[in-house]
Amino acid sequence: MTDKFHRETLVAGAGVSTDRAHNSVSPPLHLSANFYWNDPCEKPEYDYSRSGNPNRTQLAEALASLEGGARGVVTSSGMAAVDLVLNLVDPGDVVLAPHDCYGGTHRLLTARAKRGHFKIVYVDQTDLAALAAGFAKKPKLVLIETPSNPLLRVTDVEKVVGYARQVGAIVVADNTFLSPALQRPLELGCDIVVHSTTKFINGHSDVVGGAVIAKDAELGEELAWWANCTGVTGAPFDSFLTLRGLRTLFTRLERQQATAHDVVNRLNDDRRVAKVFYPGLESHPGHDIAARQQSGFGSMFSVEFTEGIDVLELLRRLEIFTIAESLGGFESLVCVPAAMTHAAMTPEARETAGISDRLVRFSIGLEHSEDLVRDVFAALDGAVADGNVTYLNEQAVGACA
Ligand SMILES: *Cc1c(COP(=O)(O)O)cnc(C)c1O
């Protein structure tokens with residue numbers, strides 16, 4: 001398989017008909033921890049599964065070709081992927097990260113910085129003056145996460161890359177929210193892409209995994225060395241399942257995105273909705289940048305409801321949507337960030353970040369769009385905060401946070 005094929009064709013064919021032992025069409029699963037040598041002087045292609053495994057290689061190569069990178073490294077989780085990249089910095093180096101990055105990433109960066117592994121500077125990367133101030137600190141590594149969670153803020157990737165070039169910083173993009181089907185950061189000038197493959201890439205909510213893809217072979221080699229050295233490589237069965245999920249990535253996202261558009265359009269006109277955060281809406285501040293650097297607006301959005309709606313009651317009343325953290329699976333999920341994904345932040349920090357207690361985040365799955373719309377509106381009708389001006393929601397959120 002080469003560049004002459006479309007990416008849909010590449011994922012459909014990844015690892016297919018490569019089995020030399022039994023001619024199996026689908027790639028076999030190699031759970032073996034070790035691989036035998038025919039002779040002590042002939043090191044086989046694979047010798048030990050931490051260092052290398054055929055299932056992991058198949059997934060890594062498929063992901064590298066989808067992202068347009070030279071080399072992929074499959075890790076045991078998205079957090080392991082982020083941590084792997086942090087091996088590229090030394091004590092004293094500055095890492096520049098978005099103030100609203102994924103909570104686990106924020107925790108990792110802060111904890112490692114406190115141990116003196118590097119210095120961390122958080123900045124709102126959508127604020128150009130703040131971004132320039134961040135780059136004045138001469139970072140060695142810059143992390144981008146766009147669109148962000150849960151407000152879907154859009155960062156201008158080429159702008160960040162432009163600043164990074166001036167100071168020689170490595171640019172790493174967390175592409176989890178869109179996947180390579182809808183955004184290709186390496187083409188926008190980034191050096192490395194990281195993924196939580198737990199989300200869209202596997203798409204079936206049955207694997208926790210991650211990946212790092214480097215544009216340049218040498219950097220990819222260095223990351224692969226560190227992955228073997230620290231042992232963060234992913235398990236063979238996880239890679240097998242993730243490659244299986246990856247085959248339908250384009251089809252899933254096309255459908256999930258179309259459904260997200262439907263639900264967003266219906267909600268956007270409703271008087272009980274204060275604000276919809278979705279880059280596909282022209283009113284979204286990042287709409288133009290998203291239209292330029294993404295090939296679709298994705299299937300994630302958040303909605304801030306008016307004071308008349310009890311959002312916790314809304315969640316309880318939803319029949320199809322499952323109340324859960326995570327995202328990007330075949331099943332529609334819903335969460336209240338203030339009570340769930342972002343409960344560890346103080347109420348003040350959430351307010352500064354613009355995350356209201358009345359914000360609800362939706363991850364749209366593969367159900368029929370009419371059923372999802374009906375589900376949301378039926379739940380909304382029943383979630384009226386009883387004409388009560390004092391509105392219990394804030395206390396309720398506090399109680400369950
Ligand atoms: C989930 C997520 C991660 C962490 O991935 P895990 O697979 O849960 O370790 C990192 N970044 C983003 C944007 C995520 O959504």
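Numbering of ligands and ligand atoms starts at 1, following listing order.
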Item to complete: Before accepting this row, confirm whether a basic side-chain N of the pair Asp83/Arg112 lies closer than 4.0 Å to the acidic partner's carboxylate O.
Response: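 Salt bridge present between Asp83 and Arg112.
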Practice prompt. Measure up the Phe135 and Tyr163 rings against each other and bin them: parallel (under 30°), tilted (30 to 60°), perpendicular (over 60°).
Written response: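 Phe135 and Tyr163: parallel rings.
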Worksheet item: Relative to each other, are the rings of Phe362 and Phe321 parallel, tilted or perpendicular (30° and 60° limits)?
Response: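 Ring orientation of Phe362 relative to Phe321: perpendicular.
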Worksheet item: Looking only at heavy atoms of Gly328, does any of them come nearer than 4.0 Å to an atom of ligand 1?
Response: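 It does not; every heavy atom stays at 4.0 Å or beyond.
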Quick test: of every protein heavy atom, which one is nearest to [atom], and how far off is it to 0.1 Å?
atom	value
atom 12 (C) of ligand 1	Asp174 OD2, 3.4 Å
atom 14 (C) of ligand 1	Lys199 NZ, 3.0 Å
atom 4 (C) of ligand 1	Tyr102 CE2, 3.3 Å

Fill in: CZ/Arg244: more than 12 non-hydrogen atoms of other groups inside 6.0 Å
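No, not enclosed.
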Fill in: Geometric N/O contact Val208 with ligand 1, under 3.5 angstrom
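N/O-N/O distance below 3.5 Å does not exist for this pair.
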Fill in: Within-cut-off N or O pair, Met79 and ligand 1, under 3.5 Å
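It does: an N or O of Met79 is found under 3.5 Å from an N or O of ligand 1.
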Atoms in ligand 1 with a heavy atom of [X] nearer than 4.0 Å:
X	answer
Gly209	7 (O)
Glu145	13 (C)
Thr198	7 (O)

Fill in: side-chain contact (heavy atoms from CB on, under 4.5 Å) between Met300 and Phe177, intermediate numbers included
CA-CA 8 Å; Met300 298 292 304; Phe177 255 54; 4.1 Å; yes
Worksheet item: Should Leu143 and Pro98 count as side-chain neighbours, where that means a heavy-atom distance under 4.5 Å?
Response: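 In short, these two side chains touch, coming nearer than 4.5 Å.
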Practice prompt. Assert yes or no for the condition that the ring centre distance of Phe200 to His195 is strictly below 6.0 Å.
Written response: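 No; His195 has its ring centre 6.0 Å or more from that of Phe200.
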